[in-house]
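Read through the structure below, which is laid out as structure tokens, and then see the notes.
Positions are given from 1, in the same order as the sequence printed here.
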Amino acid sequence: KGLQLTLLSFNDIVKRASTSSNLAANTTLKELELNIIQPDASKVDDEGMAELAKVLRCNRGLETIDICMQMMTNVGRRSLLDSLRDNLTLRILKTTRRPFLIDPQEREDTSVRKDRMMLQSEIDKHMEWNKLYQRVMKNKRRIPVSAYPKLISKLGNKPLALYMYLKRH
């Protein structure tokens with residue numbers, strides 16, 4: 001149910017997993033963790049993140065993804081964020097974890113850090129909306145009428161979630 005990959009290089013790993021396997025249709029794998037041992041600029045793979053984003057649009061099994069921050073730039077984070085519009089099962093997507101071996105003296109550009117934190121914040125909002133959607137879809141009790149305006153407003157942030165909820169109820 002979980003897969004942890006620790007790599008010297010991330011190049012093409014997600015691309016191979018998404019194009020030559022059924023990762024997009026896999027419902028068994030629940031947790032995916034991607035680590036890199038020795039981060040450097042040559043190992044950044046925003047194309048791999050774009051492939052993972054394609055997987056997330058279709059996948060209905062993954063609940064947790066934790067990716068080392070050095071494996072992508074904010075371009076990769078943006079790809080992942082854009083894919084979340086169509087994903088209702090993911091509950092945790094972390095893109096800001098530091099790698100195992102990193103120079104503690106290394107400094108990140110302030111504007112890049114600000115964008116990274118903003119993108120992760122937007123990702124976190126999608127995770128909260130997914131959790132809300134999952135909670136109300138599992139709820140067997142009647143939802144009080146007074147709660148509907150706020151519920152519909154929150155689900156409206158994810159049109160697919162709102163559509164699926166209204167279709168069922």
Side-chain angles (χ1 to χ4, degrees), residues 2-19 23-24 26 29-135 153-164:
L3 176 62
Q4 180 183 37
L5 298 172
T6 302
L7 314 158
L8 283 171
S9 174
F10 183 61
N11 296 333
D12 295 328
I13 189 77
V14 174
K15 190 171 188 174
R16 279 185 269 138
S18 64
T19 57
L23 183 58
N26 184 312
L29 185 64
K30 302 295 181 194
E31 297 177 18
L32 178 61
E33 183 177 329
L34 301 172
N35 298 301
I36 196 162
I37 295 173
Q38 295 173 328
D40 66 49
S42 69
K43 295 183 175 84
V44 169
D45 192 1
D46 287 325
E47 289 178 26
M49 291 304 131
E51 290 297 321
L52 181 57
K54 289 178 188 175
V55 167
L56 291 179
R57 283 186 170 90
C58 304
N59 185 279
R60 300 295 176 248
L62 279 168
E63 296 173 0
T64 302
I65 300 177
D66 188 355
I67 306 169
C68 173
M69 68 182 267
Q70 304 305 96
M71 297 176 98
M72 71 186 98
T73 67
N74 288 332
V75 171
R77 274 183 199 84
R78 172 68 60 193
S79 293
L80 294 175
L81 174 60
D82 292 344
S83 74
L84 296 178
R85 181 182 61 91
D86 300 324
N87 183 292
L88 298 174
T89 56
L90 203 57
R91 299 172 63 83
I92 297 170
L93 176 56
K94 296 180 189 173
T95 66
T96 57
R97 184 178 37 78
R98 294 215 174 266
F100 296 131
L101 302 174
I102 189 168
D103 180 3
Q105 303 301 315
E106 183 179 318
R107 297 286 178 229
E108 183 177 25
D109 180 80
T110 308
S111 65
V112 171
R113 181 181 187 284
K114 184 178 176 183
D115 288 345
R116 176 174 54 83
M117 299 308 288
M118 186 273 305
L119 288 167
Q120 183 62 51
S121 175
E122 292 297 313
I123 289 169
D124 292 344
K125 287 178 188 177
H126 276 273
M127 298 303 95
E128 290 305 314
W129 296 330
N130 282 359
K131 289 174 190 175
L132 173 64
Y133 168 77
Q134 292 170 19
R135 194 169 52 246
S153 174
K154 289 284 187 182
L155 290 177
N157 290 307
K158 287 191 75 121
L160 180 60
L162 179 59
Y163 170 76
M164 297 300 288

Within a reach of under 6.0 Å around CZ of Arg60, are more than 12 heavy atoms found that belong to other residues, nucleotides or ligands? yes
Considering only heavy atoms from C-beta outward, does the side chain of Gln134 approach that of Asn130 to under 4.5 Å? yes
Provide the full list of salt bridge (charged side-chain N to carboxylate O under 4.0 Å, His left out) pairs with a residue in residues 69-80, sequence neighbours left out, each pair given once. none
Does the side chain of Asn157 pick up a donor-acceptor pair with the side chain of Lys125 at under 3.5 Å? no
Would you mind reporting whether Lys158 and Tyr133 have side-chain heavy atoms less than 4.5 Å apart? no
Is Leu62 close to Asn59 at the side-chain level, that is, under 4.5 Å between some pair of heavy atoms? yes
Answer yes or no: is there a side-chain heavy-atom contact under 4.5 Å between Arg113 and Met117? yes
Heavy-atom neighbours of Lys94 NZ exceed 12 at 6.0 Å: no
CG-CG distance between Leu52 and Leu56, expressed to the nearest 0.5 angstrom: 4.5 Å
Measuring only between side-chain heavy atoms, which start at C-beta, is Met72 closer than 4.5 Å to Leu80? yes
Heavy atoms from other residues, nucleotides or ligands near NZ of Lys131 exceed 12 (cutoff 6.0 Å): yes
Do His126 and Asp124 have side chains that get closer than 4.5 Å, going by heavy atoms? no
Report the residues that fulfil side-chain hydrogen bond (donor to acceptor under 3.5 Å, both in side chains) with Glu63, sequence neighbours left out, ordered by chain and then residue number. none
Side-chain touch Leu84/Leu93, heavy atoms, less than 4.5 angstrom: yes
Are the side chains of Arg91 and Thr64 in contact, using a 4.5 Å heavy-atom criterion? no
